[in-house]
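First comes the structure, then the notes that go with it.
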Amino acid sequence: MESKKLCRITDRIDQTGFKWRWKSATMDGEVLDDFMELCSIIQGFNTNPTPIGLRFNLNPDGNYTVNTLRQKLDSSVNPHTGIVINWVKAIPLKVKCFVWTTLMDRLLVATNLVNRGINMANTTCPLCNDEQESGDHLFVKCPISIEAISWIFKWCGIPATNFDTVTEFLNFTATWGNCPRKRERFKVVLYGMLWFTWLARNNSIFKAVKPIPTMIADEVISQTYAWFKYRTSELNCRWIDWSISPFC
C-alpha cells in the first residue's frame with residue numbers, strides 16, 4: 001500500500017500520528033488486517049532513538065584508537081616508572097628491542113645465564129677478561145667499553161662521563177641537552193653504542209676477534225650515519241661533516 005517502498009517508519013509516524021502515503025485511499029479485507037497488525041507492532045514506537053553505535057570515552061572525539069587504549073592499559077594495569085625506550089625511526093627495530101631487553105636485564109650475559117641454571121665454563125667478560133660479565137659491566141664498566149664511550153663522547157663534543165649502570169647511561173641519553181633535534185641524534189648514537197659493543201662481545205666469543213675500542217667507536221659513527229641517511233629524510237649533512245660531529 002505504501003507508494004515509496006524505501007521509506008522509513010520515522011518518515012511515516014511521529015508523535016502526532018500516522019502520515020502514510022497509500023497508493024489507494026480505501027483499505028479493506030486482508031490489507032486492513034495487515035494494517036491493524038502493523039499498528040499493534042509499532043505501538044509505543046520511539047521516533048527519536050539514540051544513534052546506533054559505540055562511543056569511545058577515552059578520546060574527546062569519541063572514536064576508538066588502539067594507541068589510546070594501549071596507553072590506558074599501560075597506566076592502570078601495569079604502570080611503568082622507569083625510563084621510556086625511545087622508538088626513534090632512525091634506529092632499526094632489532095636495536096630498539098635489544099636496548100629494551102638490556103634495560104630489563106634479560107640479556108644473555110654470563111650472570112643471567114648462571115641465574116637460569118646454566119653451567120658456564122667461563123663467566124668473565126669477553127672484552128676485558130677480568131671482571132664477571134654482567135650487563136652493567138659489559139656496557140658501562142668494562143675498560144674496553146669505557147674507552148669506546150669516551151671516544152664517542154669526544155666525537156660528540158661532550159665531556160666524558162662515568163656510569164655505574166645501563167639505566168644511568170640511558171637516563172643520561174634521554175635527558176641530555178636542550179635541543180630536541182640534537183638529543184634525538186645523541187640517542188641514536190648511544191643506542192648504537194650499546195648495539196656495537198654487544199656485537200664486539202659476540203665477535204670476541206664466537207670469532208676470536210680481539211675487541212678494540214676505536215674500532216667499536218668507528219662502527220658506531222659509520223653505521224649511525226647509515227641509519228639516518230637511509231631510514232630518515234632529515235639528515236642533510238655529508239659523511240665528511242658527520243665524521244667530525246653528529247650535530248652537523
Side-chain angles (χ1 to χ4, degrees), residues 1-104 106 170-171 173-188 191-192 195 224-237:
M1 293 291 292
E2 170 62 41
S3 59
K4 186 178 180 181
K5 299 297 185 181
L6 297 180
C7 71
R8 295 190 174 100
I9 293 179
T10 52
D11 297 332
R12 298 293 179 259
I13 184 173
D14 57 23
Q15 300 298 332
T16 61
F18 297 106
K19 294 181 178 179
W20 306 110
R21 294 181 182 176
W22 307 123
K23 292 180 179 179
S24 173
T26 60
M27 188 181 301
D28 55 12
E30 186 177 347
V31 174
L32 181 60
D33 294 338
D34 289 342
F35 175 71
M36 296 302 296
E37 183 179 357
L38 173 63
C39 291
S40 64
I41 292 174
I42 64 175
Q43 185 178 7
F45 178 75
N46 181 7
T47 58
N48 294 301
T50 56
I52 298 174
L54 300 175
R55 180 174 177 80
F56 192 62
N57 293 330
L58 297 182
N59 272 350
D61 59 4
N63 294 325
Y64 169 79
T65 62
V66 174
N67 182 48
T68 305
L69 182 59
R70 178 75 259 178
Q71 291 177 1
K72 181 66 175 178
L73 291 174
D74 287 343
S75 62
S76 60
V77 178
N78 186 25
H80 178 66
T81 58
I83 186 174
V84 176
I85 295 296
N86 195 292
W87 301 91
V88 181
K89 183 179 180 180
I91 306 173
L93 180 59
K94 63 181 179 181
V95 178
K96 300 171 190 174
C97 295
F98 163 79
V99 173
W100 178 81
T101 304
T102 303
L103 184 63
M104 296 296 103
R106 296 294 185 269
L170 293 176
N171 274 326
T173 305
T175 59
W176 173 83
N178 297 317
C179 176
R181 183 185 68 87
K182 290 185 177 181
R183 184 185 302 118
E184 180 169 302
R185 288 196 180 185
F186 189 55
K187 287 178 182 178
V188 174
Y191 278 35
W195 174 248
T224 52
Y225 176 79
W227 291 353
F228 272 111
K229 183 175 179 61
Y230 298 110
R231 298 179 62 84
T232 71
S233 58
E234 67 170 67
L235 189 65
N236 298 318
C237 67

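Heads up: numbering here begins at 1 and tracks the sequence. Just the heavy atoms: all of them, side chains too, but no hydrogens, waters or symmetry mates, feed the values below.
By the 4.5 Å heavy-atom criterion applied to side chains, Y64 and L58 are not counted as neighbours. With contacts defined as side-chain heavy-atom distances shorter than 4.5 Å, the pair F98/T101 does not qualify.
Looking at residues two or more places apart in sequence or on another chain, you find a side-chain contact (heavy atoms from CB on, under 4.5 Å) between K229 and Y225, L235. Remark: F35 pairs with W20, W22, M27, C39 by the side-chain contact (heavy atoms from CB on, under 4.5 Å) rule, at least two apart or across chains. Contacts of D33 classified as side-chain contact (heavy atoms from CB on, under 4.5 Å), with partners at least two apart in sequence or in another chain: none. In this structure C7 satisfies the disulfide (SG to SG under 2.5 Å) test with no other residue, sequence neighbours excluded. With sequence neighbours left out, T232 forms a side-chain contact (heavy atoms from CB on, under 4.5 Å) with A90, F228, E234.
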Output side-chain donor-acceptor pairs under 3.5 Å for residues 175-183, partner residues at least two apart or in another chain, one line each.
from, atom 1, to, atom 2, distance (Å)
T175, OG1, N171, O, 2.8
R183, NE, W176, O, 2.9
R183, NH2, G177, O, 2.6

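Of the possible polar contacts, one joining the R231 side chain to the K89 backbone as a donor-acceptor pair under 3.5 Å is found. Proximity of a side-chain donor or acceptor of D61 to a complementary backbone N or O of N63 within less than 3.5 Å is detected.
Residue T68 holds its OG1 atom at 12.0 Å from CG of N57, rounded to the nearest 0.5 Å. Atom NZ of K96 is separated from atom CD1 of I91 by 6.5 Å, given to the nearest 0.5 angstrom. Rounding to the nearest 0.5 Å gives a distance of 5.5 Å between CG of L170 and CG of L103.
Among all heavy-atom pairs drawn from E2 and K23, the shortest one is O-CE, 3.5 Å. Across every non-hydrogen atom of V95 and Y191, the tightest pair is CG1-O, 4.1 Å.
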